Amino acid sequence: MHSGWQIEEDNEINKQLVGLAQYQVRKWTPWHRHVTACMLASAFLAVQRAQIPEPDPAPGEGADLGKDHSPGVSEAAG
């Protein structure tokens, strides 16, 4: 994926999730405080999301789909 696209996706998510686009620019200092608070909120949410454990795949799902698991067939032999 092109890195510019990821940045655009992240900015769109931040606009919706933490209110990045809610401030109308009037002066530099308040705008800077608003953007800083939004970025801190975004970082906090990213850390919280990273701490959530990945769910176990349901039976029948997983990385080994499509492999031949026939009895008597060795993967090393083929």
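The shown structure was predicted, so the numbers you read here are calculated from the model rather than taken from an experiment.
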(Q) Let me check something: do L20 and W31 share a hydrophobic cluster, defined by ILVMFWY side-chain heavy atoms less than 4.5 Å apart, either directly or through other members? (A) yes
Q) Taking only residues two or more places apart in sequence or in another chain, which ones pass side chain to side chain donor-acceptor pair (under 3.5 Å) with N11? A) none
Show every donor-acceptor pair shorter than 3.5 Å between a side-chain atom in residues 32-48 and any protein atom, with sequence neighbours excluded, or say none if there are none.
| from | atom 1 | to | atom 2 | distance (Å) |
| --- | --- | --- | --- | --- |
| H34 | NE2 | G19 | O | 3.1 |
| T36 | OG1 | H32 | O | 2.7 |
| S42 | OG | N14 | OD1 | 2.8 |

Q. D10 and side-chain contact (heavy atoms from CB on, under 4.5 Å): which partner among E8, E12, Q6?
A. Q6
